[in-house]
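What follows is a single structure, written as structure tokens, with notes after it.
Within every chain, numbering begins at 1; the chains are lettered A, B, ... in the order of the sequence lines, protein sequences first and strands thereafter.
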Amino acid sequence: MYLAKIYVTYKPSILDPQGEVIKAALKRMDYAGINQVAQGKYFEVKLEAKDVDTATAEVQSFTDALLINQNTETYRFDLSLVSDEVSI
Amino acid sequence: MYLAKIYVTYKPSILDPQGEVIKAALKRMDYAGINQVAQGKYFEVKLEAKDVDTATAEVQSFTDALLINQNTETYRFDLSLVSDEVSI
Amino acid sequence: MATVTNNELSPEQVRDSNIYKQWGLTEIEYNLIVKELKRLPNFTETGIFSGMWSEHVSYKKSKPILRKFWSKNERVLQGPGEGAGILDIGDGQAVVFKAESHNHPSFVEPYEGAATGVGGILRDIFSMGAQPIAVLDSLRFGELNDTHTKHIVDGVIAGIAGYGNAIGIPTVGGEISFDHVYAGNPLVNVMAVGLMDQSAMQVGQAHGVGNSIIYVGAKTGRDGINGASFASAEFSTDQESDRSAVQVGDPFLEKLVMDATLKAVREYSDIIVGIQDMGAAGLLSSSSEMAAKAGMGITLNLDMVPQRETNMTPYELMLSESQERMVLVVKRGEEQAIIDLFQESDLDAVIIGEVTDNGRYILNFKNNTVADVPIDFLTHAPKQNLIMTEPKRLSKFTKTQYQPDMSDVKNTIISLVAQATIASKASLFRHFDSMVRTDTVIKSGGDASLVRVRGTQKALAMTTDVNARYLYLNPKVGAQMAVAEAARNITATGATPIGITDGLNFGSPDNPEVYYELDQSVAGINDMAKKLNTPIISGNVSLYNETDGQAIYPTPMIGMVGLLDDVSKATTIAFKHATDSIYVIGETTDSFNGSEIQKLQTGEIEGQLFEFDSDQELASQALVRDAIANDFIASAHDLSEGGLIVGLLESSFAGHLSFNVNTNQADKYLFAETPSRFVVSVPEEKANLFEELAGKQATKIGSVTDGDNIVVNTTTQTVTLSRREVKKVYQESISWQLEG
Amino acid sequence: MKAAVISFPGSNCDFDMLYALQDFGVDAEIVSAKQNSLAEFDAIFLPGGFSYGDYLRTGAIARFSPIMSAVTQAANAGKLVVGICNGFQILTEAGLLPGQLLGNATTGFICDDIELSITNGQTAFTNSYESDEKIVIPVAHAEGNFFADEDTLNKLEENNQIVFRYVNNPNGSAHDIAGIMNEQGNVFGMMPHPERAVDEVLGNIDGQKFFKSMLSTILAKA
Ligand SMILES: Nc1ncnc2c1ncn2[C@@H]1O[C@H](COP(=O)(O)OP(=O)(O)O)[C@@H](O)[C@H]1O
Ligand SMILES: [Mg+2]
């Protein structure tokens, strides 16, 4: 079984209202050194696949199709082989 | 300037309905090998700090205080030194 | 004049590369610009003409038809032409409303497309100085057996909820239906209603030389660049690359902008000269139209525009469709009060230019003048006279009405209530906060919705309606029927219809058959609007709704508002007491072409549309309003898709009672969609009074009953249904289909 | 009695709460979350809405607003502190009430009339209801799924801190919890909206006794 860790962020041109609001809150809380905050999504997906190439292709395919919005988001991911034990 | 990449996930005992919905959708889309899906949050925070220890302490402090809810969430993070150019 | 900044193409390169064609300008239009300017337009200028002359902004193709709309009566304070129309509702108050479409963006990116549709229409309302009080929607999707359609439905519903709920304006009603023609081109129309004191009326005009142009709200990014020309282009399924023009909304920011704008209007009406939201073609169209309407010029300093991204070009700054932005014109010397007010809510408010008297639209950027064009010319796209021809299909339709197959009436009824277009939409509109602001008297699930005017006895009824299948069979009569149906829904609450906003969704106007449909639809809307005394005070046009050359049905959404003087008279569709008598108002005739039963049994819509008699319509509505005003009736429900049987079932399911009726007609008439009908229930002690008032217009067909048994007698048979079982199908069919 | 309704940026039920209080003759006013004192008020209401856009987590950012230290002070001083919907979420984030509100078990926003049972009819918020009375109050939320660890839930049960429960749980809340109070009984939060159920014209008055209960509590103290 493979574990894919997928990190999704907005493309640079897209507004990230959450990031702005969090940054303002951190400033109010006196974390003065904060320069920039971006919030994205993080997925951990366990999947069966016959080899690492198939797994990679599969992750790319469903991330493009469902997990991200290609107009506004981009992603990267790590893939590792894990034991079949189910809990992440 | 430091860049902290912070990965927030639910504690294992917490039900993740969002993850379940995504898993069901992927199954419907014929990604048969999918075993488990968990959705978390991902933050990229740029901050000024005098050294890596200060930066580490700072990241832990504001993540505990604001970014997570300790009842249900846990996190890990990577820290790296980056150039001062502003865009992430 | 500086011609090249940021490695833009030179004027000669613009000409030779034909880039203006990609932006949607024709060669004739480009040559007109050259002739008027007496030189080649530079890159920025070409860009701003392409934005302003797009159909979405200029309405150059639909204007000759839109001009025909009837839009004046004793109530109209503001007709078409401003952000929204305004009607007098007495007591110095006014109602403001308008509809907007976000069809193309919602296909590309359902959540954000629908969400920013809500954000945009709300800005139209509060930029007039009105407090938004309600949102409605009108949605069309492909059939629910398709995975992509399900994805679009989920995203659109979540997007409307995501924006409307967060900003705190209730989504009180709407309509949804499903037909294959919308599979590649869903329709997402939203309507917003606002309330204001007449003294607070604002218009989007830039008067007064030297007055300041103030930019308010979100920073400008590169999102939605060319959205206006994108909204005016047809989709082809292989054109994925075009799909970057979708904006992302932030309802939190918009709530801050809305509250601050309304506060500014309340506190500084004497120094605010005009307000305009930035919608299609962003800063460009809002600023140029404000000046043009006032007969003035304008000069902007683009370096002052708050920017979210680095290295933005003048072209990008002007055409960006970043959301949650407004333009204010403020008296010179008084700007600080306004700036402070917005800054109190942590909002950007910046002086970016001033009103001039030279009639020119001038843009300065980094110490250069990057555009200098006559404003009148910029804001008046060359008219286009398009040809129209009657669609070939119309002459092929025969008069014979479809005859339903009545071999198994009971199962036909059950299949009918399971049809996505008939089944309850509650599992979808349950995601909308319909009650925030605590003024919603009648929520989604009946005919029209009703919102009270706090502090008075008045309430406003509102609805969106159109049955596009009827228009497909007959654009003019179908359009009359759409207006009539909207009015029936308003009337069923007890309110009197007072005005219309429309959303004209059509295919490509360059196709003469589509242009004919547009023309005839407007004619039909006009006819019926005049009869009802409901002027068309605002609206929206969405053309090019085609995928790979296949146009949608002509779908002119009718948004209607009604006024109820005494909210205590408000009537709902639910049966109220067992033993109440049930009456049908209006005649039932052989009306099956374009009906739900035809669609169910044949999968097609065809034949000549059945007849519509507008006098009969007015008479039925007058009777229902009278009967409600006199407290004679306990429930009222208009009959539309699915006919009498569906109307009866809905009145049953909306409460907790059943019914026993005898129609004295053949089975098939249960499913006829003859217009101008209502089903009402009348308490025993009012029956005589009601019958006296109604005369021959009403026919008693049975009574409301307790228990689970629904009994329907016709001249041919008796059908018995379990209320519980049929209700389950009605309520859950949409979820089953979405999840299946 | 003088009541404050706190308006956070993004609150949208603040006026609904204000009007409901005024309908019961309460001298109520809206207080901005930028303020930092609530000394003059006897009761504090945190209304529904999407404070700070509900970004990050519902209530997470609002709890760091300037007003929140005054809210904590008021709570410690034994004044009534009431959070409805987003207000409840803010009170849990601030630690004034235990637990957390997670995303609904069936995802998405739900707006509907929901049946509640009164679990504890002896509180400052329910003393005008009959114990075990069933009422219908609207809900409108996407994150109303009450979560707390076993120990906390057991303590809530033992101390009778559960005030309202759902009859048919719409969101997956542990122990069907719709509303809870702190041990002292002066800080209260619930997901449903009683302020939407006080006006005859809107067709539901099941929330009236909630307001009557608080009024009689405060009058009894005075
Ligand atoms: N998208 C929607 N949003 C909100 N309410 C809706 C929506 N679709 C349907 N409804 C509600 O469902 C009820 C029935 O709608 P519809 O079948 O279109 O009524 P009618 O046929 O009388 O026009 C109405 O109260 C309407 O407001
Ligand atoms: Mg109706």
Side-chain angles (χ1 to χ4, degrees), chain C residues 131 154 157-158 160-172 249-256 258-260 344-347 426-445 450-457 459 566-570 572 574 735 739, chain D residues 7-23 30 32-34 47-56 58 61-62 84-86 104 106-114 137-143 170 192-205 207:
Chain C
Q131 169 66 53
D154 283 343
I157 296 293
I160 294 172
Y163 210 103
N165 298 351
I167 195 169
I169 308 301
T171 302
V172 299
D250 180 2
F252 170 59
L253 187 66
E254 177 136 313
K255 177 155 173 47
L256 301 182
M258 174 175 77
D259 291 349
E344 236 170 73
S345 302
D346 300 322
L347 293 167
S427 61
L428 301 175
F429 63 66
R430 186 171 195 248
H431 295 300
F432 306 152
D433 190 340
S434 57
M435 302 185 239
V436 60
R437 295 183 61 78
T438 51
D439 287 325
T440 312
V441 179
I442 302 179
K443 306 185 281 244
S444 283
L450 194 69
V451 177
R452 64 129 166 236
V453 179
R454 197 181 275 276
T456 74
Q457 278 300 102
D566 178 359
V567 67
S568 72
K569 302 278 184 193
T572 67
S735 308
E739 281 151 29
Chain D
S7 178
F8 297 91
S11 292
N12 63 29
C13 303
D14 40 356
F15 282 88
D16 298 354
M17 180 55 82
L18 182 78
Y19 296 142
L21 288 165
Q22 288 173 345
D23 279 353
I30 303 270
S32 157
K34 288 186 176 166
F50 290 70
S51 54
Y52 294 94
D54 267 1
Y55 294 140
L56 186 59
T58 57
I61 295 185
I84 304 296
C85 198
N86 195 229
N104 295 345
T106 315
T107 55
F109 193 97
I110 309 171
C111 175
D112 218 338
D113 290 318
I114 296 285
I137 303 283
V139 299
H141 60 245
E143 283 99 2
H193 286 270
E195 81 280 9
R196 295 186 182 188
V198 292
D199 195 336
E200 196 88 59
V201 176
L202 306 187
N204 181 357
I205 54 168

Checklist line | Working for side-chain contact (heavy atoms from CB on, under 4.5 Å), residues L202(D) and R452(C) | finding: CA-CA 9 Å; L202(D) 306 187; R452(C) 64 129 166 236; 4.1 Å; yes
Check: Any donor and acceptor pair, going by atom type alone, linking the side chain of D16(D) with main-chain N or O of R437(C) inside 3.5 Å?
Finding: yes
Check: Minimum heavy-atom separation for D433(C) to A140(D), with atom names?
Finding: OD2-CB, 3.7 Å
Next item on the list: Measure the spacing between OH of Y19(D) and CZ of R454(C) and express it to the nearest 0.5 Å.
Entry: 5.5 Å
Check: Between F432(C) and C111(D), what is the shortest heavy-atom contact and its length?
Finding: O-CB, 3.2 Å
Checklist line | Contact summary for S11(D) and K255(C), nearest pair of heavy atoms | finding: O-CE, 2.8 Å
Note to self: Less than 4.5 Å to any heavy atom of chain D: does that hold for the side chain of T440(C), its backbone, both, or neither?
What the structure shows: backbone
Margin query: What's the separation between atom CG in D199(D) and atom OG1 in T438(C), rounded to the nearest 0.5 Å?
Written below: 7.5 Å
Next item on the list: Could you tell me whether a side-chain N or O of N165(C) sits under 3.5 Å from a main-chain N or O of A142(D), the two making a donor and an acceptor?
Entry: no
Item checked: Contact class of A166(C) relative to chain D, heavy atoms under 4.5 angstrom -> both
Check: Tell me, side chain or backbone of Y55(D) under 4.5 Å from chain C's heavy atoms, or both, or neither?
Finding: side chain
Margin query: Using only atom types and a distance under 3.5 Å, with no angle test, would you say the side chain of K34(D) pairs donor to acceptor with the backbone of E344(C)?
Written below: yes
Next item on the list: For H431(C) and I110(D), indicate whether the former's side chain and the latter's backbone hold a donor-acceptor pair under 3.5 Å.
Entry: no
Next item on the list: Starting from the C-alpha separation in whole Å, work towards a yes-or-no answer on salt bridge (charged side-chain N to carboxylate O under 4.0 Å, His left out) for D113(D) and K443(C).
Entry: CA-CA 11 Å; D113(D) 290 318; K443(C) 306 185 281 244; 3.2 Å; yes
Note to self: Using heavy-atom distances under 4.5 Å, tell me whether L450(C) contacts chain D through its side chain, its backbone, both, or neither.
What the structure shows: neither
Notebook entry, point to check: Looking at I169(C), V436(C), V441(C), which one has more heavy-atom pairs under 4.5 Å with chain D than the rest?
Noted result: V436(C)
Check: Do you know which two heavy atoms are closest between V567(C) and V201(D), and how far apart they sit?
Finding: CG2-CG1, 3.9 Å
Check: So which of D259(C), L256(C), D439(C), D250(C) has the largest heavy-atom pair count under 4.5 angstrom toward chain D?
Finding: D250(C)
Check: Would you say D112(D)'s side chain and R430(C)'s backbone share a donor-acceptor pair under 3.5 angstrom?
Finding: no
Margin query: As an exercise, state the distance from CZ of F252(C) to OH of Y52(D), rounded to the nearest 0.5 Å.
Written below: 7.0 Å
